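I have placed the structure first, in the form of structure tokens, so that the comments after it can refer back to it.
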Amino acid sequence: MMETSCATSLLMLAAYCPMLSDVTLSFCSDIDDTGICYLAFCKKLITLRLNFATRITSSGLLNVAVGCKNLSTLHLINCNEIVGNSEWLKYLGSDGSLKELVVKNCKGISHYNLLLMDKALEVRTLRSSFERQDPAYVPNCQYKYDFCCESLKELTLRRIVSLEEIGLRSLLGKCKLLEKIFLHFVIGLTDSDVITLAQNCSNLKSISLQLKPVSCEEPEGSIYRTPLKDESLKGLALGCRMLEVVELTMFACSPDYPEIGFTQEGLVMFFKSCPIRDLVLCGANIFDDDGMKALASAQFLETLELMDCIEITDAGMCFLADCPSLVNLTLRQCDGFSDVGVTEVVRARKLDSLIVEGCSQDLPGAALAEIMKRITRTSDLSSLSLVSKRLYTIDAEHRSTIRVGRGLWPAKEALLTLCSRFSNLRKVEINYHDWTRGDGNQIDNQGLLTLSTCCPLLTDLILSFCYYIDDSGLAYLTDCKKLVSLRLNSAKNITSSGLLVVAIGCKNLSGLHLINCNKISGNPEWLKYLGSDGSLEELVVKNCGGISQYDLLLFGPGWMKLQRFVFEVSNLYNILRLRDPSFVANYQHSYDFCCKSLKDLRLRGIATVEEIGLRSLLGKSKSLQILCLHFVLGLTDSDMITLSQNCSNLKSISLQLEPVLGVGPQRRVFRMPLTDVSLKALALGCRMLQIVELAVYSRHTPYPEIGFSQEGLATLFQSCPIRELVLCGANIFDDEVMKALSSAQFLETLKLMDCNQITDAGMRLLANSSSLVNLTLQDCRGFTDDGVSEVVRARNLDSLIVQGCRVSWKAVKGAAKSVRYDHNCPVYGRLTRQIAAKPEDCPAMSSKLSLEDLPDALLAEIVKRIANTSDLKSISLVSKRLYTIEAEQRSSICVGSDLCPAIDALSALCSRFPNLLEVEMDYSGWKFHSNLLEKHIISLHLPVLRDLTLYIDDIRMGCLASCKNLMSLRLNSVSAIGSRGLLSVAVGCKNLTSLHIIKCNHIVSSDKWLEYIGSAGSLEELVVKNCKRISQYDLLKFGPGWMKLKKFEFKFKRSFHKYEPRDPCYVDNYQYGYDFCCESLKDVTLATVVTKPEVGLRCLLTKCKALERLCLHYVIGISDHDIITISQKCSNLRSISLSQEMLLCEIPGGTGVMARTPLTDDSLNALALRSHMLEAVELMFYGCAPDWPSEIAFTQDGLVTLLQSCPIRHLVLRGANFFDDEGMEALSSAQFLETLELMQCVAVTDVGMRFLAQSPCLKNLTLQMCYEVTDDGVCEVARARDLESLTVESCNQITVEASHGAAKSVHYKVDCPSYYD
């Protein structure tokens, strides 16, 4: 493609580019007919695009058409000098070579001239009720043009008028091969046209209808609605069986008045008849939860976009969760549902994309905090916190863990900054592993002082290789009263004295790890103090040269509560150490202590030959579940028998042994200390054993130095439900034992290391193991590819690891979901004596810790953070302990039609969950198959109930009066509850502070309930929506209740054309007849109410001195005087939203009336003068023509005054046709503006966007249906501003390439249905 702007250049192109086939001329004001004629010499020209070619006329175009015989594509955009009644169009039509013709915004070309098109046509004309008459028009003879367009596959008609002259609408009956059609705002379109289309176009795959209300003739008279009805949908359903893509957009239809010709039944029938894959619904106020239920059964639906569909609630979203093929979901301006509905869809469907914009229930801070809690990588958290200020703040508030080390420099200042930002830190790790002096200073004692001062919630502290911290620094930790866990690793300057100070000061200390701390000795003072206190639950001592195993036996009463104990010695079997001073021969258990709570015991590298020492624990730990005995000298079969007799709950055991000199039947032998007697004892006494590791260190592998035999191993395998088995160095383990192993029903994971007696025959036997999913083979030289292949074919393995075996890569490739192969192998089987190099925890045990090991308080905190009800139900079934904790912590339930029998089931739920604070009863979709709930059950069982949401029929509301703690009550679509029940609740529930009444048509305000609540004066939030029998004038009787009210919302679902009952207390010329005070009111929303001539709820605007947020949407009777009053009295106003439509307003001077929006610049000037805290402004204009700025009473000067006077951070302009580039220039000087949304601002061009590039704080930009903005304008802003988000929708001159990479977050859509909130 070549682009040029000079007529001379076209001559050079024609002369030097004989192969030229595609030419685009955009904004080439120097090129006229002379220049364009040069293109006639380009014989191979196929495509010509002219955009804003203001000097090219029909003559030049005719020369190109005559010279370029291969021309098949012609685009004419904004070419106003080209007319459609000349020879060029006739010539192209007679030649018949044109396949694609696009005409946009060409004033001289009428759609009656363009009946010669072949592929695609899009015309956008000025809004006018008069178009030139079709010269060939004959009444009652619509199809007067006898032409054929059977090749036409794609047709777009936009903004054309064809009332009597059918014009281009005649194409609908001729295009038999049509596959895609777009009919956007075609005036004159009828059901007959769509039926004709359906009858002729059986191959139609995509249809887009954009409609707006017009005056339609009906038998009962003229009504105002969209032109198409269900007959069109039925015609498409019957004739277009291949329809896959559907877009239905209803433009300028009132949200509360069904001005749409379609019905929900017609839509449902349409959805069920066609294999629709992509569906867009915009402004469909007739589509509600029942429609969503039918939509859920659409088998082929993959992509769904819902925009401005306000009747859809959480119940409808729950139905959508059952849609089988849904992968893409877009939700815009849908205020009916909340997080609950969207979460249900997300949980049920594996979505590829989800877009949520402009929905009133945006993601709350609590949900964002929960999301950030689940992000474990620090780098991800840091990146996420940079996305927005809100995320930055939430991250700072909820970050509970940090890890710092040698990268922290300067150490003191950096640590202070981190602690100041993350004020709620609970876990801090300071690790200086591999630190050198070249890395700068470490954190010293002052650093611990900073932690204790700035982190009052600190519970877990890890200090590793901190050489600058000594006892005086450790003493600062005494100020951390909530410290629960302390881990010291290679802290070479900390002694027993510092540890004693921490033990005395930190009363909640329950976990202590000491690793390689050689200056800490077994001085009994600190150990005795911790033991006497009895709070320690976890004690780990590794390689501390000053602490002997005999010192730990002095722990005394501390053993009683201890649940996990680990002791390791670095110098293996150091038998030259001091003997146990309390040792008495033949009386081993010289220490009388209790350790019944011990569940996890690990001993490594200790000698217990004569003095039993820590080996005495094996006979005392009745609750033991995990046991690791690694190279314990003195261990005998007697110990294992005692263990099996006392520890029936043992689930995991790890034994690492080496040969010792022992007594045999005939002579002394050199073998492992344990024999089959130990295995048989475990088989008999430990019936819950699931994990077994047997590792043998042997100097002479061929010699059978192992005390175990094959029979003993087989007995253990067949008696216990072993799921994970590790065998290392077992030279007695051969194919016979593999045969016994293959019958182990529960075995899932098997690790064989240095087991050289196993051959291919044994591997074939292993192939019969029914549950095997994970297999590890290391340094096993007895089998080959054949044996491994046999297992792979028989078992569907999840993981396979092969290292150091005589097995090739070819045999294991693709053998499991996860495969790891290495020709060499670390010699794990021949265990090294460097025990200190072993990992901290046994590999077979580390991943099997249970929630049961956690304390009750921590389990309760975990349960609190689980929001999903099904997850809570599942976790409560794990154990009795979790069942009890979940019942105590459950604060909210939601029940509905699946509760059967209702009364008994609810009674059981209330008895089980005594601490319920919030109850929701949702009977949407309920049928007469069970009884509704009896409310007296709630009042009897839930004395602490604070929040109740009802969606069911109920005549016993009075029983809720017993819930004295009830604070919030929400009633939605409760058809049987009347004023009497509500009065009973008001009388009994003195703490009621929030009341929502939505679509409750039996509640009337004349039954004293409103006056009673008002007299109590406790209500802080009152929301009344679409209740037919509650008038705005009734709410003025709230009396003293207004004094404490902070939020008030009133929405009346009724057409403006219907007359409301007059205010019975209304007196002419004395509007403010109700003398009440509402000085606490901060949030007021009035929508679709009439306040003329009676002032009604509009009187609130003169009384709310504390008002911060105001929304006035389609309030008839609002005037400049009201806004001026607001500005004078509401100095704290921070947010204002005004939605206006055209009304008949008096012309100043009383000379007549005119149609315009009611508010003028006087309102804007008043706000600019006095509302100095105004940060968010939204101005929306409904039903105003883009080309008639006079229909909007605001002017650009007034808006600019407001922008320059207030610290506005968020600005939304929708349908502001008076706002142009000069306004954008003024907007660029707004110092605080961060977010700008321009929708249907048709007067803004690239010039205005260049001004916007100078806005200093702009971060978020939204452009919708701004047709005059092009790539140049967007790129100018993107280059100048570092945008965080950019949204571009239905801006036909902005390409995806221009928006790509323009911001951190970019959303682009070619065509977006126009809509109003």
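Please read all numbers here as calculations on a predicted model, not as lab measurements.
- In this structure, the side chains of Lys1051 and Thr1088 come closer than 4.5 Å at one or more pairs of heavy atoms.
- When all heavy atoms of Ser1018 and Lys990 are compared, the closest pair comes out as OG-O, 3.7 Å.
- A heavy-atom distance below 4.5 Å is found between the side chains of Leu267 and Leu248.
- Asn1260 and Thr1235 form a side-chain donor-acceptor contact under 3.5 Å, judged by distance and modelled atom types alone.
- Shortest non-hydrogen contact noted between Val327 and Lys350 is CG1-O, 4.4 Å.
- The side-chain heavy atoms of Ser1137 and Arg1109, taken from C-beta on, include no pair separated by under 4.5 Å.
- A distance of 8.0 Å separates NZ in Lys1047 from OG in Ser994, rounded to the nearest 0.5 Å.
- A donor-acceptor pair under 3.5 Å links the side-chain atoms of Ser325 to the main chain of Gln299, judged by distance alone.
- When only modelled atom types and interatomic distance are considered, Gln210 and Glu247 share a side-chain donor-acceptor pair under 3.5 Å.
- How far CD of Glu244 is from CZ of Arg277: 5.0 Å, rounded to the nearest 0.5 Å.
- No donor-acceptor pair closer than 3.5 Å links the side chain of Thr993 to the backbone N or O of Glu1020.
- The two atoms that bring Leu969 and Leu982 nearest to each other are CD2-CD1, 4.2 Å, heavy atoms only.
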Next on the checklist: Is there a side-chain contact (heavy atoms from CB on, under 4.5 Å) between Phe1050 and Thr1085? Walk through the geometry before answering.
Outcome noted: CA-CA 6 Å; Phe1050 181 79; Thr1085 298; over 6 Å; no
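- Summarising the geometry, atom CZ belonging to Arg970 is positioned 10.0 Å from atom CG belonging to Leu995; distances are rounded to the nearest 0.5 Å.
- The shortest distance between side-chain heavy atoms of Thr263 and Ile286 does not fall below 4.5 Å.
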Checklist entry - Stepwise, does the side-chain contact (heavy atoms from CB on, under 4.5 Å) test hold for Leu301 with Phe271? => result CA-CA 9 Å; Leu301 186 64; Phe271 299 153; over 6 Å; no
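- Residues Leu281 and Cys309 are in side-chain contact: their nearest non-hydrogen atoms beyond the backbone lie under 4.5 Å apart.
- Minimum heavy-atom separation, Cys1000 to Cys1027: N-SG, 3.6 Å.
- A pairwise comparison of heavy atoms in Leu243 and Cys274 identifies O-CB, 3.9 Å as the closest pair.
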Item to check | Derivation and outcome, side-chain contact (heavy atoms from CB on, under 4.5 Å), residues His1307 and Thr330 | outcome: CA-CA 12 Å; His1307 174 70; Thr330 298; 6.0 Å; no
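- When every heavy atom of Val345 is checked against every heavy atom of Met317, the shortest pair comes out as CG2-O, 3.2 Å.
- One distance of note links CD1 of Ile997 with NZ of Lys1025; it measures 13.0 Å at 0.5 Å rounding.
- Remark: side-chain polar atoms of Arg349 are paired, donor with acceptor, to backbone N or O of Ala321 under 3.5 angstrom.
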Checklist entry - Stepwise, does the side-chain contact (heavy atoms from CB on, under 4.5 Å) test hold for Leu966 with Asn991? => result CA-CA 6 Å; Leu966 187 67; Asn991 294 320; over 6 Å; no
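- Between the side chain of Asp288 and the main chain of Glu311, no donor-acceptor pair closer than 3.5 Å is present.
- Within the 4.5 Å cutoff, the side chain of Glu1289 has heavy atoms near those of the Arg332 side chain.
- Val1212 is listed as a side-chain neighbour of Met1239, based on a closest heavy-atom distance under 4.5 Å.
- Remark: the His1210 side chain and the Glu1237 side chain contain an N/O donor-acceptor pair separated by less than 3.5 Å.
- Ile1136 contributes atom CD1, which lies 5.0 Å from atom CG of Leu1110 (distance to the nearest 0.5 angstrom).
- Between Lys272 and Val268, some side-chain heavy-atom pair lies under the 4.5 Å cut-off.
- Interatomic distance, Met250 CE to Leu209 CG, rounded to the nearest 0.5 Å: 9.0 Å.
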